[in-house]
**Q** 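Got a structure for you, questions after.
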Amino acid sequence: MNVASDRDANKTYVLLQSVTTPTSYSIQYTTGSISAFKAVKDFTAETLSMDKNSIMVNAKNSADVYYNYNNKVWRWGLTTAPSESPVSTIVISEGETITAMGTNFMGDFPDGTDESLLYVATYNESTGKGSVYVYDILTESLVTSYKDVCNGRPVKLLYKYRIS
C-alpha cells in the first residue's frame, strides 16, 4: 500500500494490504538493514484513505507522517491504523490538486525552528498555475500562501536554507 520512515528511529514502516482479503491490512517495520520485517498491527477497514500514490512527509516536530489522499492532507501515527478523517485545518482550495509536499528541513538547529513547517504544492488545471501553501506543523494552521506562483504543474518541493 505505502511506506514511510520514522523520523526519530531507524525504522521504516510498511502498510500492507491482503491480496486475498482486501479489507485486511498489516503494519510492519524493518530497520536500516532491511533484513526482516516485524509485525506492528493488523487491522481491517472497509475503506482506507491512502494508496500507493500518497506522498509521505515526516518532520522532526511531529511523530506522525503527513500524507495526501483525495486532495486532502491526512496524519498517520505509523503504529496505528491510518486516520478515518483528514486534518480539518489543512484545506486545499477548490479546483486545486495536491502535487507535492515537503518540510523546511534545515538540519539540527537548537532554536526549534527546523522542520516546523509543512509545504503543500497544488496545481489548478483550469488556470494552468501552481500554488504553495505553508502550514505550521504543531498547530496545523495556515502560515501563508503563494497563489499561482508556478507556471505549470509543480512536481517537487525542496527547501533551501541559508548556511551563513
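All residue numbers refer to positions in the sequence shown, counting from 1.
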**Q** Which hydrophobic side chains are connected to V91, either touching it within the sub-4.5 Å cutoff or through other members that do?
**A** none
**Q** Restricting to side chain to side chain donor-acceptor pair (under 3.5 Å), what partner residues turn up for T30, sequence neighbours left out?
**A** none
**Q** Restricting to side chain to side chain donor-acceptor pair (under 3.5 Å), what partner residues turn up for E140, sequence neighbours left out?
**A** Y66, R75
**Q** Decide whether M1 and V57 are clustered together by the hydrophobic rule: side chain heavy atoms of Ile, Leu, Val, Met, Phe, Trp, Tyr closer than 4.5 Å, transitively.
**A** no
**Q** Is Y67 reachable from L78 through a run of hydrophobic residues whose side-chain heavy atoms are each under 4.5 Å from the next?
**A** yes
**Q** Write out all pairs satisfying ring pair (Phe, Tyr, Trp, His ring centres under 6.0 Å) with one or both partners inside residues 126-148, taking only residues at least two apart or from two chains.
**A** none
**Q** Taking all atoms of both residues into account, what is the closest heavy-atom pair of T97 and N71, and its distance?
**A** CA-OD1, 3.1 Å
**Q** Going by the rule side-chain contact (heavy atoms from CB on, under 4.5 Å), which residues pair with V40 if we only count those two or more places apart in sequence or in a different chain?
**A** Y13, I27, Y29, T79
**Q** Give, for atom CE of M56 and atom CG of N68, the distance between the pair rounded to the nearest 0.5 Å.
**A** 8.5 Å
**Q** Go through the structure and list residues passing salt bridge (Lys or Arg N to Asp or Glu O under 4.0 Å) with K147, not counting sequence neighbours.
**A** E96
**Q** Linking Ile, Leu, Val, Met, Phe, Trp and Tyr by side-chain heavy atoms under 4.5 Å, what else ends up with V14?
**A** V3, L16, F37
**Q** Within this structure, what is the CG-CG distance for the pair L157 and L118, rounded to the nearest 0.5 Å?
**A** 9.0 Å
**Q** How long is the straight-line distance from CD1 of I55 back to CD1 of I98, given to the nearest 0.5 Å?
**A** 7.5 Å
**Q** Is there a path of hydrophobic side-chain contacts, each under 4.5 Å between heavy atoms, that joins Y119 and V143?
**A** yes
**Q** Indicate every side-chain donor-acceptor pair of residues 45-53 with a distance under 3.5 Å to a residue at least two apart or in another chain.
**A**
residue, atom, partner, partner atom, Å
D51, OD1, N53, N, 2.9
D51, OD1, S54, N, 3.1
D51, OD1, S54, OG, 3.4

**Q** Assigning hydrophobic clusters by single linkage (Ile, Leu, Val, Met, Phe, Trp, Tyr; side-chain heavy-atom cutoff under 4.5 Å), is W76 placed with Y25?
**A** yes
**Q** With rounding to the nearest 0.5 Å, note down the distance linking OG in S145 to CD1 in I92.
**A** 10.0 Å
**Q** Would you call the rings of Y69 and W74 parallel, tilted or perpendicular if under 30° counts as parallel and over 60° as perpendicular?
**A** perpendicular
**Q** Kindly write out the residues that satisfy ring pair (Phe, Tyr, Trp, His ring centres under 6.0 Å) with Y123, not counting sequence neighbours, or none if the list is empty.
**A** none
**Q** To the nearest 0.5 angstrom, please state how far the OG1 atom of T12 sits from the CG atom of N10.
**A** 7.0 Å
**Q** Tell me the salt bridge (charged side-chain N to carboxylate O under 4.0 Å, His left out) pairs involving residues 77-88, sequence neighbours left out?
**A** none
**Q** Under the rule for side chain to side chain donor-acceptor pair (under 3.5 Å), what residues qualify as partners of T23, not counting sequence neighbours?
**A** none
**Q** Who are the side chain to side chain donor-acceptor pair (under 3.5 Å) partners of N58, not counting sequence neighbours?
**A** S5
**Q** Mind checking whether S26 and D42 have side chains closer than 4.5 Å, heavy atoms only?
**A** yes
**Q** Which heavy atom in T139 sits nearest to a heavy atom in T89, and how many Å separate them?
**A** O-OG1, 4.5 Å
